[in-house]
Amino acid sequence: SPRVLSGIQPTAGSFHLGNYLGAVRQWVALQETHDAFYMVVDLHAITVPQDPAQLRVNTRLAAAQLLAAGLDPERCTLFVQSHVPEHAQLAWVMNCLTGFGEASRMTQFKDKSARQGADRASVGLFTYPVLQVADILLYQAHEVPVGEDQRQHIELTRDLADRFNGRFGPTFTVPKPHILKETAKIYDLQDPTVKMSKSASTPKGLINLLDDPKATAKKVKSAVTDTDTVIRYDVENKPGVSNLLTVHSTLTGTSLAELEERYAGKGYGALKTDLAEIMVEFVTPFKERTQQYLDDPETLDSILAKGAEKARAVAAETLALAYERVGFLPAK
Ligand code: TYM
């Protein structure tokens, strides 16, 4: 079956609603139909300073949340990026194929380095997208399930795969992004024109899945909408309401048209009250399941160890081929 690969950073602590709806939810679905590889990208995490003890805690926490969200180690390969050294090895090769200008055009780097100040941004942050390219190509992935903000990195992956294949002969599968239109970008609840993210201007706009469910309900109820009263999906003119409808629709499996009909003639208060309840029903068991995995670190670590072993078998084969293609003398 076709292969998918994706990754999530452990830096955040709790995943937020955008991570879940934009990416992790698709990961869970795709493990049923695809040969699926999912990882916690700790190598990417250290492109910005991390506290070592906290990084270890957050890596387990990320894995626990992925399992709580529904990843099944019998159906997918779940692993930690640093457990598979081939990622760093292939990244070096791909670095040598990437233009300096090409890397400079990556918008996430530009944003992040601007936030940190150019002098403090690491070279690792600069080559971050190239490591992501290596992540994907190592597994010969056909599709990469991500949110909209990762599209440019998948484009770079396609360009570099083509470049390598053209220069050295067919080696890598050229992957496609798997981005679902409706949930590609979940917006901040306080500023529905910007994507939900950890660097939100106010914590009220960000739904962390592991927060107290009561606080989450409160954030939903105080979401920014507009001065109109009609509940209609219209991203352009009604971004706040549309974002709430998207979340409702995805979590309940109700179509947007059905929701518009259900809320016809009702106020924003009704939509928010319902959605607050839906969110609480979603996050409460999620939080409990995450805690169960954290309470049993041995089981968690053994899932990750098995995952790393399966991942390495695939990654090592691709790396050996790439090394041969570029002309490295095989070690005897
Ligand atoms: P990360 O950890 O920032 O985010 C994980 C996933 O969540 C998606 N996402 C969103 N989707 C919709 N709306 C939002 N507001 C939102 N915010 C985040 C992201 O698009 C992502 O899919 N560079 C990647 C990690 C990575 C990776 C890879 C991904 C490393 N190697 C290889 C795919 C393949 C990142 O930082 O994701």
Side-chain angles (χ1 to χ4, degrees), residues 3-28 30 36-48 58-59 61-63 65-66 69 79-82 84 87-88 90-91 94 106-109 111-112 124-125 127-158 160-161 175-200 205-209 235 239 242-243 246-247 250 311 315:
R3 194 170 276 164
V4 290
L5 172 125
S6 199
I8 189 160
Q9 297 206 55
T11 42
S14 172
F15 293 171
H16 62 70
L17 188 62
N19 296 139
Y20 177 71
L21 293 180
V24 176
R25 210 165 170 279
Q26 276 65 262
W27 300 13
V28 175
L30 289 165
F37 288 77
Y38 302 126
M39 62 181 170
V40 179
V41 294
D42 52 354
L43 298 180
H44 279 106
I46 65 161
T47 55
V48 296
N58 283 341
T59 300
L61 181 57
Q65 290 177 87
L66 290 173
F79 64 102
V80 174
Q81 190 183 29
S82 67
V84 182
H87 289 256
L90 184 62
M94 301 317 291
M106 294 292 119
T107 54
Q108 276 211 335
F109 169 73
D111 293 348
K112 285 191 194 176
L125 187 66
T127 64
Y128 176 119
V130 184
L131 176 59
Q132 186 166 346
V133 168
D135 293 342
I136 298 166
L137 298 184
L138 271 179
Y139 298 89
Q140 307 284 13
H142 300 93
E143 286 184 57
V144 186
V146 287
E148 182 62 39
D149 61 352
Q150 297 299 311
R151 188 184 290 279
Q152 195 185 31
H153 293 167
I154 315 301
E155 281 306 315
L156 178 69
T157 309
R158 293 172 57 82
L160 288 173
K176 288 194 179 71
H178 174 97
I179 301 175
L180 292 192
K181 203 166 147 249
E182 201 179 279
T183 51
K185 198 167 175 186
I186 301 298
Y187 294 90
D188 187 292
L189 294 189
Q190 287 299 312
D191 180 359
T193 62
V194 304
K195 74 167 179 185
M196 184 177 286
S197 88
K198 289 277 166 185
S199 46
L206 171 71
I207 302 255
N208 279 316
L209 300 186
V235 178
S242 301
N243 193 39
T246 297
V247 176
T250 320

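In this chain, numbering begins with 1 at the start of the sequence shown. Remember, it's 1-based here, ligands and their atoms both numbered in the order they're listed. Everything numeric here is computed off the predicted structure, so don't read it as measured data.
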Among all protein heavy atoms, pick the one closest to [atom] and tell me residue, atom and distance.
| atom | value |
| --- | --- |
| atom 17 (N) of ligand 1 | His16 CE1, 3.4 Å |
| atom 31 (N) of ligand 1 | Asp135 OD2, 2.6 Å |
| atom 25 (C) of ligand 1 | Gly7 O, 3.5 Å |
| atom 20 (O) of ligand 1 | Asp149 OD1, 2.4 Å |
| atom 12 (C) of ligand 1 | Ala184 O, 3.2 Å |

[X] N/O under 3.5 Å from ligand 1 N/O:
| X | answer |
| --- | --- |
| Gln132 | yes |
| Glu148 | no |
| Pro145 | no |
| Ala23 | no |
| Asn19 | yes |
| Gln150 | yes |
| Gly18 | yes |

Backbone, side chain, both or neither: what part of [X] comes under 4.0 angstrom of ligand 1, heavy atoms only?
| X | answer |
| --- | --- |
| Leu131 | neither |
| Ile8 | both |
| Val144 | side chain |
| Tyr187 | neither |
| Gln9 | both |

Proximal atoms of ligand 1 relative to [X] (non-hydrogen, under 4.0 Å):
| X | result |
| --- | --- |
| Thr183 | 12 (C) |
| Ile136 | 32 (C), 34 (C) |
| Gly22 | 11 (N), 12 (C) |
| His44 | 30 (C), 31 (N) |
| Val41 | 30 (C), 31 (N) |
| Ile186 | 12 (C), 13 (N), 14 (C), 15 (N) |
| Lys185 | 12 (C), 13 (N) |
| Ser6 | 29 (C), 33 (C), 34 (C) |

Review point. Does the side chain to side chain contact (heavy atoms under 4.5 Å, CB included) test come out yes or no for Asp135 and Leu131, once each step is laid out?
Key: CA-CA 6 Å; Asp135 293 342; Leu131 176 59; 4.1 Å; yes

Measuring only between side-chain heavy atoms, which start at C-beta, is [X] closer than 4.5 Å to [Y]?
| X | Y | result |
| --- | --- | --- |
| Leu125 | Phe109 | yes |
| Tyr128 | Met106 | no |
| Asp149 | Lys185 | no |
| Thr250 | Tyr20 | no |
| Val84 | Tyr139 | yes |
| Val144 | Pro177 | no |
| Gln26 | Val146 | no |
| Leu209 | Leu17 | yes |

Check your understanding: In Å, rounded to the nearest 0.5 Å, how long is the span from CG of Asn243 to OG1 of Thr193?
Key ->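 These two atoms lie 10.5 Å from each other.
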
Check your understanding: Distance from Gln140 atom CD to Arg3 atom CZ, nearest 0.5 Å?
Key ->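 Gln140 atom CD to Arg3 atom CZ measures 7.5 Å (nearest 0.5 Å).
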
Check your understanding: Can you name the one residue among Thr11, Asn208, Asn19 that meets side chain to side chain donor-acceptor pair (under 3.5 Å) with Lys198?
Key ->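 Looking at Thr11, Asn208, Asn19, the match for Lys198 under the side chain to side chain donor-acceptor pair (under 3.5 Å) is Asn208.
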
Practice item. Could you walk me through whether Leu137 and Met94 pass the side chain to side chain contact (heavy atoms under 4.5 Å, CB included) test, one step at a time? Key: CA-CA 10 Å; Leu137 298 184; Met94 301 317 291; 3.9 Å; yes

Check your understanding: What class does the angle between the rings of His87 and Phe79 fall in, given that below 30° is parallel, 30 to 60° is tilted and above 60° is perpendicular?
Key ->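 Correct class here is tilted.
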
Point to revise | Contact check, Phe15 vs ligand 1, heavy-atom distance below 4.0 Å | key: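 No, that is not the case, since the closest heavy atom of the residue is not under 4.0 Å from the ligand.
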
**Study point:** Option set Tyr139, Tyr38, Tyr20, Tyr128, criterion heavy-atom distance to atom 35 (C) of ligand 1, minimum
**Key:**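 Nearest option to atom 35 (C) of ligand 1, by heavy atoms: Tyr128.
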
Exercise for review: Kindly determine whether Lys181 and Thr183 satisfy side chain to side chain contact (heavy atoms under 4.5 Å, CB included), including the steps that lead there.
Suggested key: CA-CA 6 Å; Lys181 203 166 147 249; Thr183 51; over 6 Å; no

Point to revise | Shortest non-hydrogen contact from Pro175 toward Ile136 | key: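 Closest approach of Pro175 to Ile136, heavy atoms only: CG-CG2, 3.7 Å.
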
